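Predicted, not measured: the structure shown is a model, and the values here were computed from it. One is the number of the first residue; the rest follow in order along the sequence.
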Amino acid sequence: MHVFYTPDILTKPELPEEEAQHCTRVLRLGIGDEITLTDGKGNFYRAEITAATNKRCLVKLIETIPQAPLWSGHLHIAMAPTKNMDRNEWFAEKATEIGFDELTFLNCRFSERKVIKTERIEKILVSAMKQSLKARLPKLNEMVEFDKFIAQDYPGQKFIAHCYEGEKPLLKDILEPGKDALVLIGPEGDFSEEEVKKAIGKGFRPISLGKSRLRTETAALVATMVINSD
């Protein structure tokens, strides 16, 4: 089943230009054909094509199909981006397939990448949402300084994964199922000790993701899976 992303469908009954081109030029769908849309806000729509050109595709909505939440709570992953962009993109795709709500990139002391362009990752999030038949598009935030990020108020559970010594229970053992959760994942060189202390001072609980030493994107995905499964 082909799903088209139409975030403004309730106010603008047509596909965005890129989606319209894929629908009419690649799939060769035309007037009278029925298609499936999603607004990325929790709804699917059955729609009928009413007009089609190479760049435009107008539709008439037939039915709204709300998708019940597939996981409980709001899952927010905040991670230092890896130097290799392919690995950031891999995480974004796989986490969307599994299910999460928000992604923020952190500029940490030992971050290997200090600037990140989000346009490509946004497209990957949309593609993964459609491919995995989800009706909710994760929110993607611009990169933010670590200190500024942890200073923000957050009403849910807050965790930080790091590799330093000390008491670090497994995430799965202290997670309160169903509640909002925010997990900080550091760069390949880990958070600095000062950053860990600052985060703990702001209410973040140190956690372990297992016995293995994980790459940044793997750790972020493990955290996503642990929280998603509860």
Side-chain angles (χ1 to χ4, degrees), residues 73-96 98-122 124-125 137-176 179-210 212-228:
H74 183 95
L75 172 53
H76 187 167
I77 299 293
M79 61 181 282
T82 60
K83 184 176 182 180
N84 186 331
M85 274 303 297
D86 287 346
R87 287 160 56 192
N88 297 313
E89 294 169 1
W90 176 86
F91 166 75
E93 178 184 69
K94 300 310 175 188
T96 303
I98 294 167
F100 80 131
D101 298 285
E102 191 168 355
L103 173 60
T104 299
F105 289 106
L106 300 176
N107 186 6
C108 305
R109 179 181 175 186
F110 298 135
S111 292
E112 296 180 293
R113 176 178 288 274
K114 299 293 186 180
V115 177
I116 190 165
K117 296 181 180 179
T118 56
E119 293 86 352
R120 166 71 179 166
I121 293 178
E122 182 74 40
I124 288 172
L125 294 175
L137 179 67
K139 180 182 179 182
L140 177 62
N141 301 312
E142 297 291 337
M143 179 178 276
V144 62
E145 295 294 326
F146 178 86
D147 288 353
K148 181 178 180 180
F149 183 79
I150 64 170
Q152 300 174 13
D153 289 332
Y154 185 80
Q157 306 171 85
K158 301 192 294 185
F159 306 103
I160 179 170
H162 66 81
C163 299
Y164 297 105
E165 295 295 327
E167 183 181 354
K168 294 183 296 180
L170 289 170
L171 175 58
K172 67 181 182 66
D173 291 339
I174 62 172
L175 178 69
E176 295 182 60
K179 293 188 176 181
D180 295 352
L182 166 61
V183 183
L184 306 183
I185 303 293
E188 293 297 330
D190 206 351
F191 294 112
S192 70
E193 292 188 65
E194 182 182 5
E195 287 171 334
V196 173
K197 291 178 182 177
K198 286 180 178 179
I200 293 173
K202 292 295 183 179
F204 286 84
R205 300 178 67 181
I207 51 107
S208 170
L209 296 172
S212 299
R213 187 178 181 91
L214 305 174
R215 286 182 177 273
T216 294
E217 73 279 10
T218 309
L221 193 64
V222 169
T224 303
M225 293 177 67
V226 170
I227 298 178
N228 196 282

If we only count heavy atoms from C-beta on, is the Y154 to D180 side-chain gap below 4.5 Å?
-> yes
Quick one: side-chain contact (heavy atoms from CB on, under 4.5 Å) partners of Y164, sequence neighbours excluded?
-> H162, D190, E193, V196
Give, for atom CG of L171 and atom CZ of R205, the distance between the pair rounded to the nearest 0.5 Å.
-> 10.0 Å
Within a strict 4.5 Å, meaning less than it, do heavy atoms of the I124 and W90 side chains meet?
-> no
Can you name the closest pair of heavy atoms from A223 and I77 and give their distance?
-> CB-CD1, 4.2 Å
Candidates T82, L103, I185, T216 - the one meeting side-chain contact (heavy atoms from CB on, under 4.5 Å) with F91 | L103
State, yes or no, whether a side-chain contact exists between I98 and L221 at a heavy-atom distance under 4.5 Å.
-> yes
How far does CD1 of I207 sit from CZ of F159, to the nearest 0.5 angstrom?
-> 7.5 Å
Once you round to the nearest 0.5 Å, how far does NZ of K198 lie from CD1 of I160?
-> 11.5 Å
Check the surroundings of atom CD in Q152: do more than 12 heavy atoms from other residues, nucleotides or ligands lie under 6.0 Å from it?
-> yes
Would you say the side-chain atoms of N88 pair up with the backbone N or O of P81, donor to acceptor, closer than 3.5 Å?
-> no
Counting only heavy atoms not in E194, do more than 12 sit closer than 6.0 Å to its CD atom?
-> no
How far does CD1 of I150 sit from NZ of K158, to the nearest 0.5 angstrom?
-> 8.5 Å
When rounded to the nearest 0.5 Å, the distance separating NZ of K148 from CG of L106 is 12.5 Å
Inter-residue atom distance K139.NZ - E122.CD, 0.5 Å rounding = 11.5 Å
Identify the heavy atoms of L209 and A161 that sit nearest to each other, and give their distance.
-> CD1-CB, 4.1 Å
Does some side-chain heavy atom of I121 sit less than 4.5 Å from a side-chain heavy atom of E89?
-> yes
Taking all non-hydrogen atoms of both residues, which atom of K168 and which atom of S208 are closest, and how far apart?
-> O-CB, 3.4 Å
Provide the closest heavy-atom pair for A199 versus L184 in the form atom of the first, atom of the second, distance.
-> CB-CD1, 4.3 Å
Taking all non-hydrogen atoms of both residues into account, name the closest pair between P169 and P206 and its distance.
-> CD-O, 3.6 Å
For F191 against C108, the heavy-atom pair lying closest together | CE2-SG, 3.7 Å
pair T218-R87: side-chain heavy atoms closer than 4.5 Å = no
Pairs involving residues 100-118, ordered by first then second residue, that meet side-chain hydrogen bond (donor to acceptor under 3.5 Å, both in side chains) (sequence neighbours left out) | W71-D101, H74-E102, H76-T104, E102-N141, T104-N141, N107-K114, N107-E145, T118-E142
Flag the pair V183 / F100 as yes when at least one side-chain heavy-atom distance between them is below 4.5 Å, and no otherwise.
-> no
